[in-house]
Amino acid sequence: MRKSVEKSADILAKKSLTNRHWMVLTVLALASLTTMAQQPNPTQSADPGANQTASSQAAPNQATASQPNQPQANLAPPTTMDQVVDRVVLREKDLIKFLSQRTPVVETYLQNLTQDPQLGPIPQEDHYFLGRMDFSESIDRSDFIQNKGKEKDKEKDESMEKRLLGGFTKKFKFQYQPLGFSWMVFADRTDFDRQHYDFHYARREFLGDVRCLVFDLTPKKDAGRGRFLGRIWVEDQDFNIVRLNGTYAHPSRNNYYFHMDSWRLNLIPGYWLPAYIYSEEGDFTAGARNRIAFKGQTRLWGYNLKPAINNDELTNIRVDSVKDDTPTAQDATPLAAEREWQQQAEDNVIERLERAGLLAPEGDVDKVLQTVVNNIEITNNIELPRPVRTRVLTTSPLETFSVGNTIVVSRGLIDVLPDEGALAMVLSHELAHIVLGHNLGSQYAFNDRMLFSDEATYQNFGFKHIPEEEAAADKKAIELLKASPYAQKLEAAGLFIKALQARAPQLSALLQAHLGNNITENGTVTRMAQLATAAPALDWYKLDQIAALPLGGRVKLNAWDDRVEMVKSQPVAITSARDKMPFEVTPFYPRLSRYNATPAAAASAPAATASANPAPSN
Ligand SMILES: [Zn+2]
């Protein structure tokens, strides 16, 4: 047998190993930072270009590998701050043009907050939006999740430009507009220039590995409503905006603009793609009139997704010509035919979800999931005709499902699970479905059923089991776990169920599954609920009891190609009960680095810096 049980500690050990590796890189990055800090501060000489020579010399190297319409390759380095601003404006316009061809997925998850005397602001209710952005004309979006009823019709009547950028206040009722949360992908889509804005240079600052120029932007007096007001960070090689933080000025009477913190990542040569936007409103100081209070995370991904309509199927015919050399190359037996059929359905579904940007390509996270599945399989002597595969749904709501022999787990669910035992709990339920032969989705072996728009995915796909199968899968899963290496490690899994139970009434949007079965029914956790009985009492105030993590702590999603990877950041010590933030959204703070800053490149960076700048010699 090829497979072997990997000790659960091994996965964690691997993780800490990568952590250590990462720490080494950090030290190196810091070393290069120090080198740079030793250079004279060019801002004092009002000559930001003077210090750019080294980095500009490196730039052509990068430019050759990049998109052809990268203008700065031909431009001399700016020598005055006004020239820098002109370059920033130019790069922003170029990004707007570049993105006009793109229709990334945009997801907003937000939690309305209420003040808990001890835990601080905690979720009171939540909202979830998922759609595709269309940057082509005016920014628009189409939603995966359809709002039913009048509101939608009303929305249609108002043109997108008129519709608010932030949201709506009607008397004291507050309504969220999905578009509002993603508005700050750009500072100003139409008039980002020196005619409409004053740029005040503030300082230099590192964001992660990237040295930035920081500008405060204020709209000119007559620039009109809805102009950006806040701060931008501009990387100091090509002068792309990498972060925007602020709001929009002068809302009209019925409008309200959120505050936003918007981050871009250098995932392809030459462009920094809007990837994360954090919004937050609310004031919990004593006596504050607290009309709205929320925290919201917006994520964009799938920039490289093909437009919904394409003829790729015609031009890109895949020929997987594998000669069938089984001894009896004959027609399939009825059972073999059934399995082929299910395989075809499974492949169709996986491919279609990937094409819609809802499923990450196969990758490292799958290896972690697969190891846990293997551990359960081996110890239970499970031999299946086809190996079980795992894949990651790119979305936040906590859900799992399986199609054929593929187990799918959402990014959000992996994020909030406290430990490997809890992951085993989640996977064992789906594995149980597979072992029990609860196959769903054979209808998707018909290819006509794949022909729908990406936005209609949730209307066309569904993998919900009947309650009897759910109960049977839970029962079987408990058996599998009891015989697995996780048998003695299910305490945190039980606590997770308890924590989920405690928060479920406030988190209905996060708990709304879109493809699989809900983990809760009517606010009560049903999935694997039995594990909660053996778990210790839930104690929000006990600092070393971690029942669930905040969103975004484990899985990192690449906004360009949808790949997912495990986050390798060092855990930060919890010092108060408010630090635990189970199931909660938090601000984003990605470590910025330039494209190609792979571990190898980063490791050699200090040397390159040293040779380019002869001054500091060891
Ligand atoms: Zn199930």
Side-chain angles (χ1 to χ4, degrees), residues 342 345-346 349-350 353 358-359 366 369-370 372-377 380 382 384 386-393 395-417 421-444 457-458 460-484 486 490 493-494 496-498 500-501 504 507-533 548:
Q342 276 160 3
E346 179 181 339
V349 168
I350 296 300
L353 286 175
L358 296 175
L359 200 74
D366 296 323
L369 304 187
Q370 217 120 29
V372 175
V373 170
N374 281 357
N375 288 347
I376 302 170
E377 280 187 287
N380 282 280
I382 294 169
L384 294 164
R386 288 182 293 126
V388 174
R389 302 184 293 180
T390 59
R391 296 295 287 274
V392 179
L393 214 54
T395 48
S396 289
L398 314 185
E399 67 173 310
T400 69
F401 64 93
S402 45
V403 53
N405 272 27
T406 299
I407 296 173
V408 180
V409 185
S410 69
R411 169 178 54 77
L413 182 54
I414 300 171
D415 270 346
V416 297
L417 291 172
L423 182 58
M425 165 185 73
V426 164
L427 292 167
S428 65
H429 173 92
E430 295 302 337
L431 181 61
H433 277 308
I434 293 171
V435 170
L436 294 171
H438 295 168
N439 261 304
L440 280 183
S442 64
Q443 71 268 33
Y444 304 122
T457 303
Y458 291 158
N460 284 272
F461 275 166
F463 307 93
K464 289 195 201 320
H465 291 276
I466 55 172
E468 289 80 1
E469 286 184 350
E470 280 299 286
D474 270 358
K475 188 162 170 276
K476 181 74 184 171
I478 301 281
E479 277 174 44
L480 296 178
L481 286 174
K482 280 189 174 152
S484 80
Y486 304 104
L490 295 170
F496 176 78
I497 303 268
K498 284 187 172 179
L500 198 57
Q501 182 56 66
L507 301 177
S508 53
L510 189 65
L511 290 166
Q512 176 65 56
H514 296 283
L515 293 166
N517 284 84
N518 282 334
I519 296 173
T520 56
E521 299 292 342
N522 304 318
T524 304
V525 179
T526 47
R527 179 86 54 92
M528 303 295 280
Q530 200 194 316
L531 286 180
T533 53

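We count residues from 1, following the sequence as given. In each ligand, atom 1 is the first atom listed, and ligand 1 is the first ligand listed.
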For this session: Not counting sequence neighbours, which residues clear ring-ring contact (aromatic ring centres under 6.0 Å, His included) with H433? List them please.
Result: H429, H438, H465

For this session: Indicate whether any N or O donor in one side chain lies under 3.5 Å from an N or O acceptor in the other, for E430 and T400.
Result: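 The answer is yes; a qualifying pair exists.
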
Heteroatom N/O/S of [X] within less than 2.8 Å of the Zn ion (ligand 1):
X    : result
H429 : yes
H465 : no
E470 : yes

Problem set entry | Atom NZ of K464: over 12 foreign heavy atoms under 6.0 Å |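 Yes - once you tally the heavy atoms of other residues, nucleotides and ligands closer than 6.0 Å, there are more than 12.
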
Problem set entry | H433: its N/O/S atom lying closest to the Zn ion (ligand 1) (atom name) | NE2

For this session: Applying salt bridge (Lys or Arg N to Asp or Glu O under 4.0 Å), run through E479 and K476 and close with a yes or a no.
Result: CA-CA 5 Å; E479 277 174 44; K476 181 74 184 171; 3.8 Å; yes

